[in-house]
Asks: 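Handing you this structure, nothing more for now.
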2 protein chains.
Amino acid sequence: MYSSELIKGTLKTIVLKLLSDNQKMYGYEITQKVKDLTGDKIQLTEGALYPALHSLEAEGILSTEVVNIGKRVRKYYTLTKKGKSASEEKVSEFADFMNTMKFLLDIKPQVG
Amino acid sequence: MYSSELIKGTLKTIVLKLLSDNQKMYGYEITQKVKDLTGDKIQLTEGALYPALHSLEAEGILSTEVVNIGKRVRKYYTLTKKGKSASEEKVSEFADFMNTMKFLLDIKPQVG
DNA sequence: TTATATGCATAATACTCTTATGTATTAGTA
DNA sequence: TACTAATACATAAGAGTATTATGCATATAA
């Protein structure tokens with residue numbers, strides 16, 4: 001696990017990317033997918049994830065579909081058209097940011 | 001400029017890395033260095049920077065030295081011994097995190 | 001039958017950043 | 001000379017987001 005502050009601000013980017021690759025996912029599934037894909041290095045908590053999903057839905061970036069699985073309920077999230085471009089923007093912005101950070105953290109000793 | 005949420009959580013890492021490369025720096029200098037090195041893409045605000053510097057000092061990661069420049073005051077920050085290892089840890093943790101994120105954001109479409 | 005996993009959700013708290021403000025010196029410009 | 005911008009510190013109110021704790025309910029494995 002990374003220190004929590006590192007992961008701050010990346011939650012929505014991760015969610016949007018996963019949804020752009022998987023068409024439709026539900027909350028619990030997202031937490032498990034991230035856990036699996038990162039070898040437990042990133043574990044999304046429900047207290048962070050659900051409010052984020054709700055706010056993305058309120059922004060019109062995600063749409064929802066409730067499905068009954070036996071007596072249990074699943075709420076699937078899908079990217080809207082707006083969400084698809086939002087996802088691409090977020091991911092490319094993060095890629096750009098990573099390049100900037102890589103440069104910043106690799107810079108060699110300088111005489112100030 | 002990146003959206004603010006992207007940069008969240010990276011402030012201390014950036015500060016520690018700059019200090020490991022430049023031995024001693026003062027707050028304003030740090031903001032300018034980051035601005036220059038990133039081509040204005042990252043601009044640290046004072047309201048974020050100074051509290052962070054103070055908390056790093058309180059943790060024993062930074063030590064300070066006040067210097068008078070004419071009638072103006074500069075507060076130089078230096079990494080302590082503890083700070084040097086903290087800096088290395090932070091930077092390598094971030095490098096690891098970037099690898100994880102790169103993988104996560106590059107993954108190809110999957111059949112869920 | 002009891003713990004764990006699945007699946008949703010919210011509330012109190014803590015933390016960090018933004019925005020605004022404050023003080024003061026120095027340098028450049030109209 | 002007066003005004004603005006830059007230098008240099010700092011804090012405080014508010015906003016936003018994550019942590020931690022809690023709650024409800026079903027399904028499965030020990």
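Every chain is numbered from 1 and lettered A, B, ... according to where its sequence line falls, protein lines coming before strand lines.
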Asks: Rounded to the nearest angstrom, tell me the gap between atom CE in Met25(A) and atom C1' in dT6(C).
Replies: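 Result: 15 Å.
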Asks: Rounded to whole Å, how long is the line connecting atom OH of Tyr2(B) with atom C1' of dC17(C)?
Replies: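 Going from OH in Tyr2(B) over to C1' in dC17(C) covers 18 Å.
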Asks: Indicate yes or no: does Glu5(A) engage Lys90(B) in a salt bridge with an N to O separation below 4.0 Å.
Replies: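 Counted as a salt bridge, because a side-chain N and a carboxylate O are separated by less than 4.0 Å.
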Asks: For Thr78(A) and Lys24(A), indicate whether the former's side chain and the latter's backbone hold a donor-acceptor pair under 3.5 Å.
Replies: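 No, Thr78(A) side chain to Lys24(A) backbone: no donor-acceptor pair under 3.5 Å.
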Asks: Would you call Leu79(A) and Leu62(A) a side-chain contact if the rule is heavy atoms closer than 4.5 Å?
Replies: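 Yes, their side chains come closer than 4.5 Å.
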Asks: Roughly, in whole Å, what's the span from CD in Glu59(B) to P in dC15(C)?
Replies: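 Checked: the CD to P distance equals 12 Å.
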Asks: Heavy atoms under 4.0 Å, any strand shown: does Gly47(A) hit a base, just sugar-phosphate, or nothing?
Replies: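 Base contact - Gly47(A) has a heavy atom under 4.0 Å of at least one base atom.
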Asks: Nearest nucleotide by nearest heavy atom, which residue falls closer to the 5' end of DNA chain D, Val73(B) or Gly70(A)?
Replies: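 By nearest-heavy-atom nucleotide position, the 5'-most residue is Val73(B).
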Asks: Does Tyr76(A) belong to the same Ile/Leu/Val/Met/Phe/Trp/Tyr cluster as Val73(A), with side-chain heavy atoms less than 4.5 Å apart forming each link?
Replies: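 The answer is no; the residues belong to distinct hydrophobic clusters.
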Asks: Could you check how far OH of Tyr50(B) sits from C1' of dT23(C), rounded to whole Å?
Replies: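 For the pair Tyr50(B) OH and dT23(C) C1', the rounded distance is 13 Å.
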Asks: Assign Arg74(A) to base, sugar-phosphate, or nothing according to its heavy-atom contacts below 4.0 angstrom with the strands shown.
Replies: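 The residue Arg74(A) makes sugar-phosphate contact but no base contact.
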Asks: Let me spell it out: for each of Arg72(A) and Gln32(B), pick the nucleotide of DNA chain D with the closest heavy atom. Which residue's pick is nearer the 5' end?
Replies: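 Going by which nucleotide is closer to the 5' end, it is Gln32(B).
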Asks: How many Å lie between CD1 on Ile30(A) and P on dT6(C), as a whole number?
Replies: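 It works out to 15 Å between those atoms.
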Asks: Any sub-3.5 Å donor-acceptor pair from Lys8(B)'s side-chain atoms to Lys8(A)'s backbone N or O?
Replies: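 Side chain of Lys8(B) to backbone of Lys8(A), a donor-acceptor pair under 3.5 Å: no, none is there.
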Asks: Using chain B heavy atoms and a threshold of under 4.0 Å, write down where along DNA chain D the contacts begin and end, 5' to 3'.
Replies: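 With heavy atoms of chain B under 4.0 Å away, the range is dA6(D) to dT17(D).
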Asks: Find the distance Ile69(A):CD1 to dA5(C):C1' and express it as a whole number of Å.
Replies: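 So the two atoms are 16 Å apart, to the nearest Å.
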Asks: To the side chain of Leu11(B), which of dC17(C), dT6(C), dA9(C) is closest?
Replies: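 So the nucleotide nearest the side chain must be dC17(C).
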Asks: dA24(C) C1' sits how many Å from Asn68(B) CG, rounded?
Replies: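 Rounded to whole Å, this separation is 13 Å.
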Asks: Is Thr64(B) reaching over with its side chain to a backbone N or O of Lys75(B), donor-acceptor style, under 3.5 angstrom?
Replies: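 Checking the backbone N and O of Lys75(B) against the side chain of Thr64(B), no donor-acceptor pair under 3.5 Å is found.
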Asks: Taking the side chain as C-beta and beyond, is there a heavy-atom pair between Met101(A) and Leu104(A) under 4.5 Å?
Replies: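 A side-chain contact exists here, since the closest heavy-atom pair is under 4.5 Å.
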Asks: Can you figure out which of dA5(C), dT16(C), dA9(C) approaches the side chain of Glu46(A) most closely?
Replies: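 Between dA5(C), dT16(C), dA9(C), the one nearest the side chain of Glu46(A) would be dA9(C).
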Asks: How many whole angstroms separate atom CG of Leu56(B) from atom P of dC15(C)?
Replies: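 Checked: the CG to P distance equals 15 Å.
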